[in-house]
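One structure is given below, encoded as structure tokens.
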Amino acid sequence: MKNCISKPINRVDAPAKISGKAKYIGDIHFENQLFAKTVRSARAKAKIVSIKTPTLPDDYYIIDKNDIPGINRMRTVVSDHPIFAEDEVNYIGQPILLVVGPEREKIYEIVSQIKIKYKDEAAIYNLEEAEVKKAVFTEYSYSKGEPKATFQHAERIIEDEYRTGRQEHIYLEPQGITGDYKDGCMYIYGSLQCPFYIEGAIQDVLGWDSDRIRIIQSTTGGAFGGKEEFPSLMACQVAVASIKTKRPVKMIYDRDEDIICSTKRHPSIVRYKAGLNKNNEVVALDIDIKFDAGAYSELSPVVLQRGMFSATGVYNFPNLKVRGRNFMTNNVPSGAFRGFGAPQTIFSTEMLMHNIAVKLGTNPLDYKIRHLLKRGYPTCTSGKIRDEVKLPEIIEKVEKMSWYRRKIGKHKKFKGVGLSLFLHGCGFTGKGEATIKGKIILKKNGDTVTLKVSSVEMGQGAETCLRKIVAHTLSLPMKKVICETIDTGLIPNSGPTVASRTIMIVGGLLRQASLELKDRWNDANEIEISKTYKHPDFLSWDDDKFEGDAYPTYSWGTNVAEIEIDPVTYEIDVKKITAVYDVGVPIDEKTLEGQIQGGIVQGIGWATIEVMNSPKGKLTQHNLTDYKIPTSMDVPEIECEFIENPYEFGPFGAKCAGELPFVGAPPAVAAAVSNAMSVPIRNIPITPEYLMELDKHED
Amino acid sequence: MKIEFVLNDKKQVIQVDPASRLLDILRDDFELTSVKEGCGEGECGACVVLMDDKAVNSCLIPVGNIEGRHIVTMESFRKTERYKVIEESFLEAGSVQCGFCTPGIVMSTESLLRENPKPGDNEIRDALSGNLCRCTGYNMIIKGVKLAATRGKGLW
Ligand code: FES
Ligand code: FES
């Protein structure tokens, strides 16, 4: 029987959005506002020799590194990105200064008169060059079992290499932030995911305490990780500008500017050496992961970590060696993007398993099944799979829904079917949750309950689901449970809106608080309950050795993709995706289906048509004409089902869900293409050129 | 240049540079912020408004071209019965996530249903092909439009 929490309700934020009344940052007028435009580096790597600016008319300003009272770096995991360039630039699009003033036309005119002289230096444009030059930001490794000895005794060794491309988020609302310095306080308004990240960044840049800083979220038009760390940079810039001009300063990017300078999904190369035993099972695996981090390191170390800890997918490889490196290139910085490093390594490992199976002449699914993780097995980092792994049920269900086995037997050129199996580690990696110690507040006032969290609504449905968890626990109608405005002056820090942690971690805290409130409901008219996250004692993690439980639990899934390829153009038409997931218990089936449908389509985009090249550090695709994302004409029928598997520590048994659907689609599509063309697919995006080339070699 | 047009059922006379984008006039001068800018180059449909009942990308239209035309944005369309049906259907079908694409999609839906009150799946996909949505993956929008067409029988 289905849990009744899962029964779909209408989203609480939808009416304002459908009617056009919702106010995004570009829709909010600030009294006396000024606009800002960024002047950016035109060079991939250079010293700045001189900057010549015209005489400025009244009310127009230039803001640069000299205006920063505190530290000229954006606070994040590695705080290495300058707010404004100092004497050097490291990528095309790097911010150098702002021109600020009341009229946009005039600002553009001033921008066009600014002359920057550079002295070019030798740049690094891709992973290959970076490896030769040893331009490494971060290097990690971990191992398990006896990989060396196992390789020595292996019956067969297979080596292979996989590549994934750069991806741009294309949240439909471009980045936008306003800074307003008023009465000694800094107010930041904007389109953002992580209010307290921005608060911290502003503290560094202004050298202020947090009590003079307020971060207020406006309706956010999509984010997908793209508004995780990047808005901190813009916020610091407009904050400094607002202090200098003593007026609100608004900076809204147009699409070109947004694409040129905002973070991207890390391009990757993953190399494997697989050792097979006499039953042809992979018993030893050596994985070498390379990510192009771009010009600054920023969040990349943690992206790489998730990539490394997801690299074994749903499989148990008893002997394992994993190395991961983030390389410095003079490309636009890579950053957070739905899946956070995992999509790259899961794609690669899924395709490795698929390609080995095909080479051995076995059915890929049967081959994969022989390697599956089970409850009680060690994870890749020698932690433990504690909860039941319902992959057998998941697989059985997807087979019934899709007739995968029957279809894969009926092979016809240009028509194919492919299957992926995947997981996603729920919540922050390693000690992340234990360090951040998310906090929430629940406040009863009469018959109304207000929940105070820093998890934001950015399109994913957080507001609806969090309110639903509280309303359901207290048996209150949704309208009696409201969310406090996302304003760091009014809410506690429950952590950033990332890592599919909102429902499981923050929702979990809200569930605990609601249960307590339920007990105490009649004690008083006003009751306030706060809860702080406690990391379960049974989880252990060694951050130096990368040993233990990288995640408290996992969500699981499978996708079957059915595709057709145009025999003339070699374009891929994805006809149908059949998907089954275990996300614990769905908090709201409709909201969850939204995440699934959207995540799958984004994944298909990455696997097929989303091409973003950066020859010589300059993006070839920097607008929506060149960078194609799926349209309503491109999307397949998507059928999805859930297998319930309640997680003891999640609210109503819920685990993570937002990133998982993205992870699963690309390897399913690639496997289907491989099936259709009888060629191994090793790279995404699978462009027609790549496919034609493969097909030629086949003949 | 002086331009005369009808905006949300009200006659307007404005003095403008005819090359200005209709999008900017609507957002900046008339404060009609339901009209969004997602790309500024005719690719995303976030800026769709109705011009003489047809969906157009307002970022591509120079105001010089709207002389004598009827422009409708969500600000007035949302008062209609047809809008109510679309809102309800979109809510029920889960057609909305971040919402930045939504007003444009509602406008395209209105324009489609006016022309074809009983569209099939492919006709809907075709009519919305100029409206990008990065969140929903479209299928739940298509479902919303279909639902609206059924529910609003006789309204279009
Ligand atoms: S803003 Fe007009 S089509 Fe994108
Ligand atoms: S709902 Fe976000 S772009 Fe459509």
Side-chain angles (χ1 to χ4, degrees), chain A residues 8 10-11 13-24 26-29 169-174 219-224 252 254-256 457-461 589-591 593-602 604-605 623-625 628-638 661, chain B residues 24 27-28 31-46 73-75 77-79 83 86-107 121-122 124-142 144:
Chain A
N10 288 342
R11 282 178 67 128
D13 55 336
K17 289 174 171 175
I18 305 173
S19 62
K21 287 180 187 157
K23 296 276 183 231
Y24 299 79
D27 306 333
I28 304 170
H29 180 84
H169 306 81
I170 314 286
Y171 27 70
L172 212 62
E173 176 206 25
T219 310
T220 296
F224 316 113
I252 312 280
D254 61 25
R255 183 60 64 185
D256 272 47
E457 175 58 60
M458 53 194 182
Q460 85 284 40
E589 277 186 346
K590 190 158 60 183
T591 308
E593 190 186 344
Q595 286 301 290
I596 289 167
Q597 294 264 355
I600 287 177
V601 170
Q602 241 175 35
I604 294 175
N623 52 46
L624 287 174
T625 314
K628 293 280 180 213
I629 64 166
T631 72
S632 55
M633 303 292 280
D634 305 319
V635 301
E637 179 193 346
I638 296 171
Chain B
D24 295 328
R27 283 183 60 86
D28 300 343
E31 291 172 26
L32 301 171
T33 55
S34 74
V35 191
K36 309 292 184 204
E37 175 164 357
C39 70
E41 54 185 15
E43 292 288 343
C44 78
T73 72
M74 284 300 298
E75 279 76 3
F77 179 63
R78 68 187 172 216
K79 295 177 190 142
Y83 167 75
I86 295 179
E87 183 186 290
E88 247 171 55
S89 308
F90 276 30
L91 262 174
E92 201 171 313
S95 317
V96 184
Q97 291 189 29
C98 82
F100 201 75
C101 68
T102 316
I105 288 183
V106 173
M107 293 272 89
D121 241 64
N122 287 338
I124 301 175
R125 285 182 195 279
D126 191 41
L128 297 186
S129 62
N131 292 86
L132 293 181
C133 173
R134 189 57 152 171
C135 302
T136 65
Y138 306 101
N139 288 335
M140 293 167 86
I141 296 176
I142 310 299

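Proteins come first, then strands; the chains are lettered A, B, ... in the order of their sequence lines, and each starts at number 1. No hydrogens, no waters, no symmetry mates; every other heavy atom, side chains included, goes into these values.
Using a 4.5 Å cut-off between heavy atoms, A:Pro636 contacts chain B through its backbone alone, with no side-chain atom that close. Of the atoms belonging to B:Ser129, heavy atoms from both backbone and side chain fall under 4.5 Å from chain A. Contact of A:Lys21 with chain B is made through backbone and side chain together, with heavy-atom distances under 4.5 Å. At a 4.5 Å heavy-atom cutoff, B:Asp121 makes no contact with chain A through either its backbone or its side chain. In this structure, chain B has a heavy atom under 4.5 Å from the backbone of A:His169, while its side chain stays farther away. Proximity to chain B is limited to the side chain of A:Asp13, based on heavy atoms less than 4.5 angstrom apart. Heavy atoms closer than 4.5 Å to chain B are found in both the backbone and the side chain of A:Thr625. Residue B:Ala127 does not touch chain A at all, counting heavy-atom pairs closer than 4.5 Å. Heavy atoms closer than 4.5 Å to chain A are found in the side chain of B:Arg78, but not in its backbone.
Of the listed residues (B:Leu128, B:Ile142, B:Thr136), the greatest number of heavy-atom pairs within a distance under 4.5 Å of chain A belongs to B:Thr136. Options B:Glu37, B:Lys36, B:Glu88 differ in how many heavy-atom pairs under 4.5 Å they form with chain A, and the most are formed by B:Lys36. Of the listed residues (B:Gly38, B:Ser34, B:Gly94), the one with the most heavy-atom contacts under 4.5 Å to chain A is B:Gly38. For the set A:Gly459, A:Ser632, A:Pro8, the count of heavy-atom pairs under 4.5 angstrom toward chain B peaks at A:Ser632. For the set A:Asn10, A:Val601, A:Leu172, the entry with the most heavy-atom pairs within less than 4.5 Å of chain B is A:Leu172. For chain B, the option among A:Glu173, A:Met458, A:Met633 with the highest count of heavy-atom pairs below 4.5 Å is A:Glu173. Contact tally against chain B (heavy-atom pairs below 4.5 Å) for A:Gly461, A:Ala22, A:Pro15, A:Gly222: the top residue is A:Pro15. Contact tally against chain B (heavy-atom pairs below 4.5 Å) for A:Gly20, A:Ala14, A:Gly605: the top residue is A:Gly20.
Between the A:Tyr24 side chain and the A:Gly221 main chain, no donor and acceptor come within less than 3.5 Å of each other. A donor-acceptor distance shorter than 3.5 angstrom exists from the side chain of B:Asn131 to the backbone of B:Gly45, with no hydrogens or angles considered. Remark: side-chain polar atoms of B:Arg134 are not paired, donor with acceptor, to backbone N or O of A:Ile629 under 3.5 angstrom. Counting only distance, with no hydrogens or angles, the side chain of B:Tyr138 and the backbone of A:Asp634 share no donor-acceptor pair below 3.5 Å. The closest donor-acceptor contact from the side chain of B:Glu41 to the backbone of A:Leu624 lies under 3.5 Å.
In terms of heavy-atom proximity, B:Gln97 sits nearest to A:Lys17 at O-NZ, 2.8 Å.
B:Ile105 CD1 to B:Phe90 CZ: the interatomic distance, rounded to the nearest 0.5 Å, is 6.5 Å.
Side-chain atoms of A:Val635 and B:Arg125, non-hydrogen and from C-beta on, do get closer than 4.5 Å to each other. Contact check for A:Asp27 versus B:Arg27: side-chain heavy atoms found under the 4.5 Å cut-off. Using a 4.5 Å heavy-atom threshold, the side chains of A:Ile170 and A:Arg255 count as touching.
A side-chain N or O of A:Lys23 and one of B:Thr33 form a donor-acceptor pair less than 3.5 Å apart.
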